[in-house]
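Take a look at the structure below.
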Amino acid sequence: MLKGIALKIKAPRGTRDLLPEDMEKYRFIEGVLRETFETFGYKEVQTPIFEKFELFALRSGDEIRNTMFTFETGEGEMALRPEMTAPICRMIAEGKINLTFKPIKLYYIGRCFRYEEPQAGRYREFWQAGVELIGSKEADADAELIVLATECLKRIGIMEYELILGDVGLLRKILETFNADYEVQNKILSDIDHTQSLINKLTTLSSREKLDKNELLALKRMVYSIEERKRRIRARYSKAHDIISEIKPDTRVYRLNELHTEEIRELVLQEVEELKKMLIIQWCYEGIRIQDKIYRLPLQAGKILLRVLEQLEGDAENVLDKAMDMFKESEEVIKELERLGYIVDLLRSAGINKVTVNLGLARGLEYYTGVVFEIHFRRLGAQSQICGGGRYDRLISEFGGPNVPAAGFAFGLDRLVLALDLQGITPPRRKVRRVLVVPVKEEVRKEAFLLALRLRREGIQAEMCLAGESLREALFRANKLNIRYVIIVGPKELSRGCIVLRDMVERLQREVSLDELPKVIT
RNA sequence: GCCCGGGUAGCUCAGUCUGGUAGAGCGCGGGGCUGUGGACCCCGAGGUCCCGGGUUCAAAUCCCGGCCCGGGCCCCA
């Protein structure tokens, strides 16, 4: 049966149909973003929805291939775009934008694709809207970007957001003073990023009063893997006596179910400390392998990074003060910190009250070189990030373009819609004049048809009823469609050049001549 | 790949524990009512109870396997 076959065909996993009520929300947000981007001087661009695979592979790891929709063509492997920054940098690198008058400000709104397991707020086809600011390396530019992002949220009506500010440039500067090259920096940054998020998860889980089955299991897995790392490191790097002696296996992790909340908390705290020490061993003793070379970070550098890791998250001024003190002997680092401080100051003066600085924020992305930031809407759950961006001064030149600094950010449009719903915001309905035209007899059908057309030409949204539909039904329908005015077309009034206009709200009706009709409809 | 929850009418779901007639609300169609209101009343259509196997006199219900959807872990440009 045809019906049976048709029912089997469903939208692919991770995709959605956007129904009229969804589109209303999407278009509202899109409109606000467009308008806000444009008041900040950005111009819209579009890039292809698919690109050569290498474009996205260039600055990403090996596993990336599995997370993209790719396809072979006679002209090489292609990929549906998983993000927009690379295509825009490619466009710049190709020389399509005149860079004489910098900075260049571009924005985009479009669909992207990632082949991953769908989750709340994570789809295989999703919408991104963002901006790229090309040609300025000033701190003011970074600050303006962040202000733009928060301004968009404010105009949409999303108020509960949380801004987290980081600076990949800072850690890169520190590492540079120890001759760590770019690839080594990336590895260390990603280690810090992972450790940070692991620590975050451990501490939030252990601070709960009660853990459900799933959470307990997650916690177990995390501490088990830490224990395993401990064993491995103890077995192989016994010569790092001073630190290794502080890393002791703890069998309590294997009977987590029996422990009290307090004891779990204490245990996790201890594991977190050891986790940090293991990083030192990894970087300074084990070394970082880049292709066939191994780089060992000086112990001194490791200890500095460790100290950063201790104090690197919290209220902006707090973290910056501590960091300033920590690095007072390094002129380069202080300069970067002062720059970050200046940005925070600008954000404060723009009215952004809650600014968290996390110096370990690496955004999992290798192309960032300076300030990075994320905006979260915590109530969204596991996927709470609604905006992310930062400075990527090297990316355009890596695509073979000129050496120009650049920075940008992107919103996840789908998550903005979810946040909008959670905040109970309904997009303001634009004012439209709406009528329902009802021919009351078969013989006036043509007149009613032409009247509807005439009203539409006046910019009025006119719905038509079929002749033969009873007036009762028509009024019923007007109510359901929320249409205020019903135009009743009958032969009696028509012979006088009039119709009956019924106001559903006031429950009143009167005769109106055809000529003045458009004027009385509001 | 792993963990948890779900799949019953067009939609939202109850029924599953404790096996025994397939249910509700909303929606849909018809009528009360072909020139005047959202209510109400009456009637009706609509189901492989996700699929396959097993247990049983008997399975939506219990057992095993699979598929799909959602949430979470991992990952996240």
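Reminder, nothing fancy here: chain letters follow the sequence lines and each chain counts from 1.
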What integer number of Å spans the [atom1] atoms of [N] and [M]?
| N | M | atom1 | answer |
| --- | --- | --- | --- |
| B:C11 | B:C28 | P | 14 Å |
| B:A60 | B:U8 | P | 15 Å |
| B:G15 | B:G54 | P | 29 Å |
| B:U56 | B:C63 | P | 16 Å |
| B:C2 | B:A77 | P | 25 Å |
| B:A59 | B:C64 | C1' | 15 Å |
| B:G52 | B:G5 | P | 24 Å |
| B:C62 | B:C17 | P | 5 Å |

Subject >> Value rounded to 0.5 Å, distance of CD in A:Glu506 from OH in A:Tyr485 >> reply: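 Taking CD in A:Glu506 and OH in A:Tyr485, the distance rounds to 8.0 Å.
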**OP:** Measure the CZ-CZ distance between A:Arg433 and A:Arg484 for me, rounded to the nearest 0.5 Å.
**Re:** 13.0 Å
Listed nucleotide nearest any side-chain atom of [X], set [options]:
| X | options | result |
| --- | --- | --- |
| A:Arg114 | B:U36, B:C76, B:G37 | B:C76 |
| A:Ala382 | B:C76, B:G72, B:G38 | B:G72 |
| A:Arg221 | B:C76, B:C2, B:A77 | B:C2 |
| A:Gln383 | B:G71, B:G35, B:C76 | B:C76 |
| A:Leu475 | B:C75, B:G37, B:G35 | B:G37 |

Subject >> RNA chain B: 5'-proximal contact among A:Glu83 and A:Gly14 (nearest heavy atom) >> reply: A:Gly14
Subject >> Residue closer to the 5' end of RNA chain B, A:Glu116 versus A:Thr15 (nearest nucleotide) >> reply: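 Closer to the 5' end of RNA chain B: A:Thr15.
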Report all interatomic pairs (protein N or O, nucleotide N or O of nucleotides 65-68 of chain B) with separations under 3.5 Å.
| residue | atom | partner | partner atom | Å |
| --- | --- | --- | --- | --- |
| B:C68 | O2' | A:Lys10 | NZ | 3.1 |

Electrostatic pair [X]-[Y], nearest N-O below 4.0 angstrom:
| X | Y | result |
| --- | --- | --- |
| A:Lys137 | A:Asp393 | no |
| A:Glu54 | A:Lys52 | no |
| A:Lys230 | A:Glu271 | yes |
| A:Glu286 | A:Arg232 | no |

Please work out if [X] contacts a base, only the sugar-phosphate, or nothing of the nucleic acid, heavy-atom cut-off 4.0 Å.
| X | answer |
| --- | --- |
| A:Lys201 | sugar-phosphate |
| A:Asn482 | nothing |
| A:Pro491 | base |
| A:Gln128 | nothing |

Original post:
Has the side chain of A:Asp414 got a donor or acceptor atom that lies under 3.5 Å from a matching backbone atom of A:Trp127?
Top reply: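 A pair under 3.5 Å: yes.
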Integer-rounded Å distance: [N] [atom2] and [X] [atom1]:
| X | N | atom1 | atom2 | result |
| --- | --- | --- | --- | --- |
| A:Asn200 | B:C74 | CG | P | 12 Å |
| A:Asn479 | B:G37 | CG | P | 10 Å |
| A:Tyr123 | B:C69 | OH | C1' | 13 Å |
| A:Phe476 | B:G27 | CZ | C1' | 11 Å |
| A:Ile488 | B:G37 | CD1 | P | 10 Å |
| A:Leu436 | B:G37 | CG | P | 14 Å |
| A:Tyr485 | B:U36 | OH | C1' | 18 Å |
| A:Met84 | B:C76 | CE | P | 22 Å |

Subject >> Results of side-chain contact (heavy atoms from CB on, under 4.5 Å) for A:Leu422 - residues two or more places apart only >> reply: A:Phe377, A:Arg379, A:Leu380
**OP:** Taking side-chain contact (heavy atoms from CB on, under 4.5 Å) as the test, write out the residues that go with A:Ile233, two or more places apart.
**Re:** A:Ile244, A:Met278, A:Ile281
Original post:
Between the side-chain atoms of A:Glu117 and the base atoms of B:G71, is any donor-acceptor pair under 3.5 Å?
Top reply: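 Answer no: no donor N or O sits under 3.5 Å from an acceptor.
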Original post:
Do A:Arg122 side-chain and B:C75 base share a donor-acceptor contact under 3.5 Å?
Top reply: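 Per atom types, the contact qualifies.
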**OP:** Take atom CZ of A:Arg16 as the centre, draw a 6.0 Å sphere, and report whether it contains more than 12 heavy atoms from other residues, nucleotides or ligands.
**Re:**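 Yes, because the 6.0 Å sphere around CZ of A:Arg16 holds more than 12 heavy atoms from other groups.
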For [N], the Watson-Crick or wobble counterpart (both distances under 3.5 Å):
| N | result |
| --- | --- |
| B:U21 | none |
| B:C26 | B:G10 |
| B:G70 | B:C4 |

